[in-house]
There are 2 protein chains.
Amino acid sequence: MRYNQPLPIATNTPMLSFVEENYLKAIYHLSEAGKRPVNTNALAEEMKTAPASVSDMIKRLSEKRMVDYQKYRGVNISEKGKIKALHVIRQHRIWKVFLVEKLNFQWDQLDEVAEQLEHIKSPLLFQRLDEFLGFPKFDPHGDPIPDENGQLIEKRKDPIAQLPVGTAGIVVGVNGSSASFLKYLDKVGISIGTRLQIVDRMEFDGSVDITIDGKKTITISPTVAENILLSEA
Amino acid sequence: MRYNQPLPIATNTPMLSFVEENYLKAIYHLSEAGKRPVNTNALAEEMKTAPASVSDMIKRLSEKRMVDYQKYRGVNISEKGKIKALHVIRQHRIWKVFLVEKLNFQWDQLDEVAEQLEHIKSPLLFQRLDEFLGFPKFDPHGDPIPDENGQLIEKRKDPIAQLPVGTAGIVVGVNGSSASFLKYLDKVGISIGTRLQIVDRMEFDGSVDITIDGKKTITISPTVAENILLSEA
DNA sequence: TAAAATATTTAGATTAATCGAAATAATAAT
DNA sequence: ATTATTATTTCGATTAATCTAAATATTTTA
């Protein structure tokens with residue numbers, strides 16, 4: 001079926017269908033995680049589709065030089081494919097920032113919508129949206145947002161619980177997404193981008209005292225400390 | 001090809017593909033404009049597709065009870081189809097407001113992107129977006145935004161040039177979209193939602209004096225008066 | 001009202017994406 | 001080094017959307 005998608009703006013990389021983009025994203029993620037060729041079954045699992053479908057699609061992506069593929073040998077993403085994938089990931093993460101910061105979405109409502117929005121074709125839209133959001137570097141899960149060229153400044157992100165007393169950093173994400181946890185963070189004034197400093201740790205239970213934005217100091221439970229991710233800054 | 005679209009949230013109206021939605025929108029618009037059955041050729045023209053494709057698609061939409069159709073007799077949108085169409089139109093216009101108000105898009109860059117965004121499936125997204133934008137009633141072209149139920153409060157919108165002296169109203173749109181015209185409007189402080197009053201009209205050339213937001217009064221040329229649309233309020 | 005012109009539909013093909021079942025290759029186990 | 005197991009690919013079909021060319025209707029015009 002034809003997509004009625006607008007024509008490519010800049011045809012440096014050829015236009016891919018939504019589905020092709022999703023495969024590329026999955027291949028990228030799986031090869032980052034597992035390192036070395038992605039096997040058909042894993043991809044089928046990830047894409048919730050039959051292995052036969054994966055074989056078909058991989059063949060087509062290979063013809064488009066988006067992946068390197070040899071029969072029975074699994075698939076590796078190509079340089080072109082990587083750029084494409086990072087492009088989609090960039091758009092996905094930018095939308096997530098928008099949904100959380102501007103529309104007050106909760107963590108667990110994000111992906112369903114972002115997975116649709118990420119495929120919108122409009123460089124202008126993303127430039128403007130990026131600007132509107134203040135050029136965010138991390139999405140609400142603390143994952144880094146690649147730049148237009150697919151450059152991705154990977155920074156360590158560690159739970160407060162694993163950092164030494166004295167460490168200062170920016171909140172770049174949280175683990176989990178329970179509504180009550182997010183409400184708690186909201187109440188104490190912590191969100192993505194908030195600057196925290198670890199001022200003390202109680203040895204007997206792992207509670208931590210933190211200073212928020214250099215203003216008030218509060219004590220957080222070990223569980224909370226485990227679930228707030230900081231990045232040096 | 002399958003869409004990988006998310007499953008329908010509320011399955012009161014069945015899930016339609018992007019393309020089906022676009023046809024419905026076109027049928028709705030054409031039947032509003034021309035009144036009475038939409039003929040195949042007109043639809044083919046509107047959809048930039050072959051008449052044969054239109055026949056095929058109409059048959060499918062008819063099976064889904066989205067249109068009433070009899071061979072060689074043209075097609076009428078059904079009640080179900082109308083609701084669907086208005087839904088898409090609502091989403092299109094809400095996005096347009098967002099693009100102009102938040103991302104500073106120009107009038108002529110709007111439709112290309114809005115036509116992609118309008119098909120996103122997420123009631124929550126549109127609730128929140130609507131709220132974020134302050135529940136706008138008109139899009140940047142002055143077209144009314146249907147509510148969630150497809151109710152559409154049609155209001156007259158007339159060029160200033162055609163309204164009598166003394167009339168007050170809200171700017172609900174503009175004709176045309178030249179960059180320089182928009183820049184001019186911006187300079188004099190007129191945008192969607194601005195309240196204007198017509199205080200005088202020069203008979204010899206049709207220039208009009210208007211008061212902007214009850215504050216300053218300026219004179220606009222007949223051309224400008226022709227291209228600013230007011231709605232009573 | 002019959003012929004000419006126009007509009008619409010059918011028929012047969014094509015492409016993207018999918019699937020299940022059968023065939024084949026690779027890997028693990030004896 | 002065979003055999004058994006598992007992974008992967010091929011084959012044949014299906015669905016949505018499209019197309020061109022040919023066949024029918026409808027409408028217009030003489």
Side-chain angles (χ1 to χ4, degrees), chain A residues 1-8 14-27 30-31 34 36-64 66-76 84 115-116 119 121, chain B residues 1-8 14-27 30-31 34 36-64 66-76 84 115-116 119 121:
Chain A
M1 154 275 177
R2 320 287 167 78
Y3 275 111
N4 265 23
Q5 285 176 6
L7 291 169
M15 174 79 136
L16 299 184
S17 73
F18 292 5
V19 179
E20 287 172 321
E21 287 187 352
N22 284 336
Y23 267 91
L24 233 36
K25 214 175 37 144
I27 294 167
L30 289 174
S31 57
R36 286 324 76 157
V38 176
N39 53 313
T40 306
N41 269 2
L43 241 184
E45 164 95 359
E46 178 80 9
M47 299 295 298
K48 292 176 201 312
T49 189
S53 312
V54 172
S55 284
D56 290 345
M57 178 54 89
I58 281 174
K59 237 177 280 170
R60 303 211 292 101
L61 286 174
S62 178
E63 274 156 27
K64 296 187 180 185
M66 290 292 159
V67 297
D68 299 323
Y69 167 62
Q70 300 178 106
K71 278 193 196 180
Y72 296 100
R73 285 280 118 101
V75 65
N76 285 291
K84 217 359 164 204
E115 248 140 57
Q116 295 180 64
H119 301 291
K121 266 86 185 174
Chain B
M1 156 274 176
R2 320 288 168 80
Y3 275 110
N4 265 23
Q5 286 175 5
L7 290 170
M15 175 79 137
L16 299 183
S17 73
F18 292 6
V19 180
E20 288 173 319
E21 287 187 351
N22 284 335
Y23 267 91
L24 233 35
K25 214 175 37 145
I27 294 168
L30 289 175
S31 56
R36 283 328 74 152
V38 177
N39 53 312
T40 307
N41 270 2
L43 240 184
E45 164 93 0
E46 177 80 10
M47 297 296 298
K48 293 177 201 313
T49 188
S53 311
V54 172
S55 285
D56 290 346
M57 179 53 89
I58 282 174
K59 237 176 281 169
R60 304 212 292 101
L61 286 174
S62 177
E63 274 156 28
K64 296 187 180 186
M66 290 291 158
V67 298
D68 300 323
Y69 167 62
Q70 300 178 104
K71 278 192 198 181
Y72 296 101
R73 286 281 113 107
V75 65
N76 284 292
K84 211 11 160 197
E115 248 140 56
Q116 296 181 63
H119 301 291
K121 266 86 184 172

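Chain identifiers are assigned alphabetically (A, B, ...) following the order of the sequence lines, protein sequences preceding nucleic acid strands; residue numbering begins at 1 within each chain.
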Would you say C:dC19 has OP1 or OP2 under 4.0 Å from some side-chain N or O of A:Ser53?
yes
By side chain to side chain donor-acceptor pair (under 3.5 Å), which residues pair with B:Glu115, not counting sequence neighbours?
none
Nearest whole Å is fine: how far is C:dT15 P from A:Glu63 CD?
12 Å
Listed partners of A:Thr49 passing side-chain contact (heavy atoms from CB on, under 4.5 Å), at least two apart:
A:Tyr23, A:Met47, A:Ser53, A:Val54
Between the protein and nucleotides 9-13 of chain D, which nitrogen or oxygen pairs come in under 3.5 angstrom?
{"unit_1": "D:dT9", "atom_1": "OP1", "unit_2": "A:Tyr69", "atom_2": "OH", "d": "2.3"}
{"unit_1": "D:dT9", "atom_1": "OP1", "unit_2": "A:Tyr72", "atom_2": "N", "d": "2.8"}
{"unit_1": "D:dT9", "atom_1": "OP2", "unit_2": "A:Thr40", "atom_2": "OG1", "d": "3.0"}
{"unit_1": "D:dT9", "atom_1": "OP2", "unit_2": "A:Ser55", "atom_2": "OG", "d": "3.0"}
{"unit_1": "D:dT9", "atom_1": "O4'", "unit_2": "A:Tyr72", "atom_2": "OH", "d": "3.4"}
{"unit_1": "D:dT10", "atom_1": "OP1", "unit_2": "A:Lys71", "atom_2": "NZ", "d": "2.4"}
{"unit_1": "D:dT10", "atom_1": "OP2", "unit_2": "A:Lys59", "atom_2": "NZ", "d": "2.7"}

Nearest-angstrom distance from the residue atom CE of B:Met57 to P of C:dT8:
17 Å
By side-chain contact (heavy atoms from CB on, under 4.5 Å), A:Pro51 pairs with (sequence neighbours left out) A:Thr40, A:Asn41, A:Ala44
Rounded to whole Å, the NZ-P distance (A:Lys48 to C:dC19) equals 13 Å
So does A:Tyr23 get a side-chain nitrogen or oxygen closer than 4.0 Å to the phosphate oxygens (OP1/OP2) of C:dT18?
yes
Taking all non-hydrogen atoms of both residues into account, name the closest pair between A:Tyr69 and A:Gly74 and its distance.
CD1-O, 3.6 Å
With a 4.5 Å heavy-atom cut-off, do B:Leu43 and B:Ile27 have their side chains touching?
yes
Sort and list the pairs that fulfil salt bridge (charged side-chain N to carboxylate O under 4.0 Å, His left out) and have at least one residue in residues 15-25 of chain A, not counting sequence neighbours.
A:Glu20-A:Arg60, A:Glu20-A:Lys64, A:Glu21-A:Lys121, A:Lys25-A:Glu118
Find the distance B:Lys64:NZ to D:dT15:C1' and express it as a whole number of Å.
11 Å
Given atom CZ of A:Phe18 and atom P of C:dT15, what is their separation to the nearest angstrom?
22 Å
Whole-Å gap separating P (C:dT8) and CD (B:Glu45):
12 Å
Please tell me if A:Asn41 has a side-chain N or O lying less than 4.0 Å from either OP1 or OP2 of D:dT6.
no
C:dA16 C1' sits how many Å from A:Leu16 CG, rounded?
13 Å
Using the side-chain contact (heavy atoms from CB on, under 4.5 Å) criterion, which residues pair with B:Glu46? Sequence neighbours excluded.
B:Ala26, B:Leu30
Of all the nucleotides listed (C:dT18, D:dC19, C:dC19), which has the minimum atom distance to the side chain of B:Thr49?
D:dC19
